[in-house]
Amino acid sequence: MSRLPVADRAAVRRATLGLLGRDRRAVLVVLALHGAAAVAGLAAPWLLGSIVDQVAAGASVATVDRLALAIGGSVLVQALLSRYAQYAGHRFGERAVARLREDFVRGTLALPVSVVERAGSGELATRSSVDVSTVGTTVRDVVPAIVIASVQLSLLFGAIFLLDPLLGVAALAGLPSIWAVTRWYLRRAGAAYLAEGAATAELTETLTTTAEGARTVEALRLADERIGHGTARIARLWATRRATLALRTVFFTVVEASYPLPIAAVLLVGGYLLSRDMVSLGAVVAAALYLQQAIEPLDRILQFTEQAQRGLASFARVLGVGQVPPEPPGRTSAPPGDRLVVRDARFSYGGGRDVLHGIDLEVRPGERLAIVGPSGAGKSTLARLLAGIDAPRHGVVSIGGCPVTELDPAERRRRIALVTQEHHVFIGSLRDNLAFAAPGATDEQMRSALLAVGADWYAELPDDLDTLLGDGARQLGAAEAQQLALARLVLADPHTLILDEATAALDPTTARRTERALAAVLTGRTVIAIAHRLNTAHDADRVAVLSDGRITELGSHDELVDAGGAYAALWRSWHP
């Protein structure tokens with residue numbers, strides 16, 4: 001149901017205990033305060049029962065007043081203890097949720113890039129937002145409420161048994177039906193909520209990808225197809241939500257019908273015992289009040305049981321991110337050379353048909369290679385293999401004689417950088433956005449990198465490098481965001497640079513200027529450009545023509561034009 005792992009119950013149980021164990025002192029304080037509040041809450045029904053017995057025995061008004069004053073005092077003490085217990089509980093919950101979010105971010109950042117891309121934006125977006133938020137609510141509100149209500153119920157039923165064991169047995173009249181329906185519900189709820197979470201992720205991804213590709217959808221007249229696709233996803237989500245609603249409908253109906261049973265049983269049994277002088281009227285009244293008081297914590301437990309199931313399902317999805325095997329450490333030593341070699345590389349997505357068929361290619365250090373070809377020819381797939389994001393199904397892609405995917409991830413990223421059309425502007429200052437690529441870069445180096453890619457718009461920003469970017473601040477257009485990504489690349493200064501249509505968002509004039517500026521800045525570096533504008537191919541040292549997953553032509557621009565093949569025809573159509 002999901003393209004990322006989902007933790008099993010044992011893992012969720014261990015993680016829950018670990019979350020509580022990391023702040024054990026706070027947990028004990030919360031339990032102690034709520035336990036004391038529950039004990040204080042027992043006083044009022046018992047004192048009221050005493051008033052009934054005292055009045056029946058002919059006690060004075062002063063005696064009743066003293067007992068009434070004691071009731072008021074117990075209620076005040078219970079309110080104060082509950083207030084501080086809730087305060088301590090929320091502080092613990094916020095700390096636990098903060099740790100959970102930090103662990104989730106660390107786990108997400110440790111995911112291999114190929115796993116992230118296969119999972120899709122909707123899956124991670126749902127887990128990082130909806131699921132983490134649901135778990136936060138569960139940790140902060142649901143778990144403490146269930147624990148506290150359980151303590152209160154134990155004390156209330158214990159108090160009834162102390163009043164009279166027969167009344168205590170009668171008070172259990174509603175438990176069999178509640179136990180049976182709860183067991184029925186719990187057996188089905190986990191899988192149902194996991195299915196709902198997966199359906200939510202699919203719908204999120206569908207909406208996200210459709211919105212991001214709106215222009216393409218419009219250009220290719222795919223609106224009806226995308227509407228149909230979205231409608232199918234909505235229908236699946238609706239079906240999963242109806243399934244969980246059906247479970248809740250049965251669960252809550254049976255539970256609500258079970259609440260009056262214990263009170264009725266206690267009154268009937270109490271009346272019988274009272275008629276035979278086996279129990280006092282005050283004890284019967286106190287027992288009935290205890291049961292009336294027990295409805296609220298019992299209802300809270302059962303209400304939150306539903307939310308707990310939702311929270312456990314979300315927790316399993318959140319923990320699943322950490323179960324993805326990290327990228328293997330690989331070789332920490334740098335390979336002896338920088339020559340990129342592809343030998344008989346074949347690749348397929350998800351075990352399907354091959355999209356690359358026996359690619360053989362050598363890229364010399366310092367060479368500028370352009371890869372051209374029709375859409376769907378496999379250009380971006382080849383770029384991913386060269387960058388080490390994916391490994392070929394057959395064959396090898398190596399740098400300096402070492403398979404790219406066997407390099408230590410940090411060493412691989414230092415040597416090879418892949419820049420695509422997709423760029424992200426992080427919430428923060430322009431300086432923060434640039435520092436991701438080179439944390440030690442000076443302001444002057446950052447400004448030089450921006451100028452090198454033609455991003456002279458930075459000079460017009462109100463606070464220079466300190467200008468805040470992203471949501472709620474200065475918004476960058478697609479072209480500006482692309483230039484920002486290229487400036488990061490200049491700062492990172494990798495030896496091999498792979499540009500997968502990285503200037504597609506720029507207008508032709510700006511793109512041409514940016515590519516020339518990059519070529520000057522990256523002199524001596526290996527540059528592999530997936531070219532959609534043939535001017536890029538014209539300036540390259542060599543051009544590789546890719547068609548149907550195969551390299552059909554390889555040579556310089558002039559050589560390929562003179563050969564009169566597919567590239568020459570493409571060039572003539574580009575420059576009639």
Item to check | Chi angles and distances behind the side-chain contact (heavy atoms from CB on, under 4.5 Å) call for L33, V29 | outcome: CA-CA 6 Å; L33 287 171; V29 169; 3.9 Å; yes

Where do [X] and [Y] come nearest, in terms of heavy atoms and distance?
| X | Y | result |
| --- | --- | --- |
| A11 | L319 | O-CD1, 4.0 Å |
| A387 | L418 | CB-CB, 3.9 Å |
| V30 | A85 | CG1-O, 4.3 Å |
| A437 | R488 | CB-O, 3.1 Å |
| V425 | A481 | CG2-CB, 3.8 Å |
| P262 | L291 | O-CD1, 3.5 Å |

Interatomic spacing from [atom1] in [X] to [atom2] in [Y] - rounded to 0.5 Å:
| X | Y | atom1 | atom2 | answer |
| --- | --- | --- | --- | --- |
| R226 | H229 | CZ | NE2 | 5.0 Å |
| T249 | L245 | OG1 | CG | 4.0 Å |
| L476 | N433 | CG | CG | 7.5 Å |
| R412 | T405 | CZ | OG1 | 7.0 Å |
| L469 | T467 | CG | OG1 | 7.0 Å |
| L468 | I427 | CG | CD1 | 10.0 Å |

Between [X] and [Y] (side chain of the first, backbone of the second, donor and acceptor by atom type, cut-off under 3.5 Å), is there such a pair?
| X | Y | answer |
| --- | --- | --- |
| T209 | T206 | yes |
| R127 | R317 | yes |
| S133 | V130 | no |

Heavy-atom check, side chain of [X] versus side chain of [Y], under 4.5 Å:
| X | Y | result |
| --- | --- | --- |
| L430 | D466 | no |
| S429 | D432 | yes |
| I71 | L67 | no |
| V324 | P5 | yes |

With a cut-off of 3.5 Å and sequence neighbours excluded, list every side-chain donor-acceptor pair involving residues 178-190.
| residue | atom | partner | partner atom | Å |
| --- | --- | --- | --- | --- |
| T182 | OG1 | I178 | O | 2.7 |
| R188 | NH1 | W184 | O | 2.9 |

For [X], what residues pass the side-chain contact (heavy atoms from CB on, under 4.5 Å) criterion, not counting sequence neighbours?
| X | value |
| --- | --- |
| Q475 | D471 |
| E94 | R140 |
| V105 | L109 |
| S150 | I146, I301 |

Checklist entry - Any salt bridge (Lys or Arg N to Asp or Glu O under 4.0 Å) pairs touching residues 244-257, not counting sequence neighbours? => result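 Sorted result for residues 244-257: R248-E306.
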
Item to check | Side-chain donor-acceptor contact under 3.5 Å, T134 with D131 | outcome: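 T134 vs D131: no donor-acceptor pair found between side chains.
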
Checklist entry - Should V135 and V97 be marked as a side-chain contact (heavy atoms from CB on, under 4.5 Å) after you check the CA-CA gap, both sets of side-chain angles, and the distance that decides it? => result CA-CA 8 Å; V135 175; V97 172; over 6 Å; no

Exercise answer: donor-acceptor pairs, residues 264-285 side-chain atoms, under 3.5 Å, sequence neighbours excluded:
| residue | atom | partner | partner atom | Å |
| --- | --- | --- | --- | --- |
| Y272 | OH | R276 | NE | 3.3 |
| S275 | OG | Y272 | O | 2.6 |
| S280 | OG | D53 | OD2 | 3.2 |
| S280 | OG | A283 | N | 3.1 |

Checklist entry - Counting heavy atoms not belonging to R106, are there more than 12 under 6.0 Å from its CZ? => result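 Yes, the 6.0 Å shell around CZ holds more than 12 heavy atoms from other groups.
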
Show me the donor-acceptor pairs within less than 3.5 Å that the side chains of residues 156-176 make with the rest of the protein, sequence neighbours left out.
| residue | atom | partner | partner atom | Å |
| --- | --- | --- | --- | --- |
| D164 | OD1 | L166 | N | 2.9 |
| D164 | OD1 | L167 | N | 3.4 |

Item to check | Partners meeting salt bridge (charged side-chain N to carboxylate O under 4.0 Å, His left out) with R241 (sequence neighbours left out) | outcome: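 With neighbours one apart ignored, the set is E196.
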
Item to check | For Y458, all residues meeting side chain to side chain donor-acceptor pair (under 3.5 Å), sequence neighbours excluded | outcome: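 For Y458 there are no side chain to side chain donor-acceptor pair (under 3.5 Å) partners, ignoring immediate neighbours.
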
Checklist entry - Restricting to pairs with a member in residues 64-111, which pass ring pair (Phe, Tyr, Trp, His ring centres under 6.0 Å), not counting sequence neighbours? => result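 Those involving residues 64-111 do not exist here.
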
Under 3.5 Å donor-acceptor pairs involving side-chain atoms of residues 16-23, not counting sequence neighbours:
| residue | atom | partner | partner atom | Å |
| --- | --- | --- | --- | --- |
| T16 | OG1 | V12 | O | 2.7 |
| R22 | NH1 | D103 | OD2 | 3.2 |
| D23 | OD2 | R95 | NE | 2.7 |
| D23 | OD2 | R95 | NH2 | 2.9 |

